[in-house]
Amino acid sequence: MLVSILLFVLINLIIALTSVLICLLLGVRNKFVFPVAIIIIYFSLIVFAMTVLGLFNILNIRNYILWVIILFVLVLSLFLKHCHNYNNLVTSIRKLFRNIALYKKILFCIAIILLMFWAARIIVTPVWDYDSLAYHMPFVAQFIQDGSINNIYFTALSGPLGYYPSNIEIIFASYLLIFNHDSILHLINLLLIICYGFALGAILRELKISLPIIILAILAFLTIPVYLFQIGTLKIDNLFTFIFVSIILFLFRYYSQRKLSDLLLFSLGCGIFMGSRYLAVPYILLPLLFILVIFVVDFIRRDKKVVIRNFVLLMLIILLFGGFWYIRNFLVTKNPMFPTSVSFLGQNIFLGLNDTFSGGGMVTTSIFANIGDLINVKNFIGHYLFETGFTAFICFIFLILALIFIKKIFFEFKDLLFNFIIIGIPLYFLYYLCSPNSFVHLNQNIRYSLPFLFLCLLGIVFIDKKLNKGFVNKFLFCALGGIGTGDWRRSCD
């Protein structure tokens, strides 16, 4: 066991160090963005390695460790070759983090200690939730046992879920290759708390929000009951939403700075996101639409060759890091999203397994298809506020009040980022309402609305800053004051 722990720590430290070197090569210097970029590259390296090894049926611990070492040597060589002033670079990075105020370091240490106590409890908790037992863990076990990701898992319990995209499951598999115990997987959602802190903080910094408001906004999101409930389980929604948050961060940065590094990180995020679940397909459309709008504007006003290169890079990276599962399904079933049927304007494009997985069959299990009944409306509102806590309630109240200033908003805020938030809030709420099984498993699948709640918080802070009304302080304190309400205590059980 001790050898496995040491090997696990060593291999993941090498991957993390490789990610740091790649960040430095890309020129990422912002101290808020730097950790998020490292995390996205870290997951990307794992996904790419496991996909390639699994595709060629050579997925085992020896080949994985060999790949990690070879990649580290190659990246280190590039770093030493191109960063001639790397000593000054490392010194400047140290200065960035050395200038952090003492009270911030103390708060960070207290948070780490609390997380360690939480982690100790989580490690001794066995896998218990249905999703983990039905397909997350079985997928991981099959990838490791077969040494391949080409074979499709099927049992009576999971049905055709083996066709679903499994990027997050192959990340899990990379950990179990070395550390042969599922307890390590329980810590992922806990560690994401730190990742979310960096990602949300970086986005709000991009929007020029003050540090106290950033801290309050981060706490307001991380204390939403449906978010807390995922911690200690293998549910992938927190990681799914974190990648979405990172995508928005790098979209915002690319819009404001037009740096190739931000485009590459945006593309990596999109690739991992697309390969994590079918729900990512509609969720990724708005960020891709906005990046394409930026490309079109740049194609007209700037160097056309650069825009074409950027577009090709975007598509290629998404395909490499998220396209395998869709290509595999198409080759096996002639439907990239099997077992789901895909139709457009009433015409079937790709046939699914049966009526249950048809467009109409899946819509009937959504909230949107069942919300017509007043009893169902009351049931939905009660369950939703119970699972999302006081934060979501205040979100809705604030957004309704924001309609009072709608004229000023639309006539004065000619900003692509603001437009993304304003369009995204109702759109992602509609995505949630139309999500399969969002009604038949109402309590469990409120987690699908986490991207919507994130955009709500972003919208509140952004609109308040633009209007300069000072509502946001009161909102965030009210949201934090309501932590003890709703389902928070159950979420921590």
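The first residue in the sequence is number 1, and the count goes up from there. The structure displayed is predicted, hence computed values, not measured ones.
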Is there a side-chain contact between Ser366 and Tyr432 (heavy atoms, below 4.5 Å)?
no

Exercise: identify the closest heavy-atom pair between Val140 and Ala173:
CG1-CA, 3.7 Å

Classify the angle between the aromatic ring planes of Phe295 and Tyr254 as parallel (below 30°), tilted (30 to 60°) or perpendicular (above 60°).
perpendicular

Answer whether the closest heavy-atom distance between the side chains of Pro339 and Tyr164 falls below 4.5 Å.
yes

With side chains defined as the heavy atoms from C-beta onward, is the minimum distance between Leu288 and Cys270 less than 4.5 Å?
yes

Does the structure place the NZ or CZ of Arg277 under 6.0 Å from the centre of the six-membered ring of Phe240, at an angle of no more than 45° from the ring's axis?
yes

If you draw a 6.0 Å radius around CZ in Phe429, do more than 12 non-hydrogen atoms from other residues or ligands fall strictly inside?
yes

Side-chain touch Tyr448/Asn445, heavy atoms, less than 4.5 angstrom:
yes

Expected output: side-chain Asn238 to main-chain Leu192 donor-acceptor under 3.5 Å
no

Set of side-chain hydrogen bond (donor to acceptor under 3.5 Å, both in side chains) partners for Ser449, sequence neighbours left out:
Tyr384

Carefully, step by step, assess Thr18 and Leu76 under the rule side-chain contact (heavy atoms from CB on, under 4.5 Å).
CA-CA 7 Å; Thr18 306; Leu76 181 61; over 6 Å; no

Beyond-backbone contact of Asp262 with Leu26, side-chain heavy atoms, under 4.5 angstrom
no

Just by modelled atom types, is the Phe330 backbone N or O under 3.5 Å from a matching donor or acceptor in the Thr333 side chain?
no

Is Gln230 close to Ile236 at the side-chain level, that is, under 4.5 Å between some pair of heavy atoms?
no

Side chain to side chain donor-acceptor pair (under 3.5 Å) between Asn57 and Asn150, intermediate numbers included:
CA-CA 8 Å; Asn57 302 321; Asn150 296 312; 3.0 Å; yes

Please examine the side chains of Ser246 and Phe266, heavy atoms only from C-beta on, and report whether any two atoms are closer than 4.5 Å.
no

Under 30°, 30 to 60°, or over 60°: which ring-plane class applies to Tyr196 and Phe242, parallel, tilted or perpendicular?
perpendicular

Please check if any side-chain donor atom of Asn12 sits under 3.5 Å from a side-chain acceptor atom of Tyr42, or the reverse.
yes

Closer than 4.0 angstrom, basic N to acidic O: yes or no for Arg309 and Asp303?
no

Indicate the ring-plane relationship of Phe454 and Phe221, choosing parallel, tilted or perpendicular according to the 30° and 60° boundaries.
perpendicular

Should Phe273 and Asn167 be marked as a side-chain contact (heavy atoms from CB on, under 4.5 Å) after you check the CA-CA gap, both sets of side-chain angles, and the distance that decides it?
CA-CA 8 Å; Phe273 192 69; Asn167 267 0; over 6 Å; no

Minimum side-chain heavy-atom gap Tyr428-Tyr283 below 4.5 Å
yes

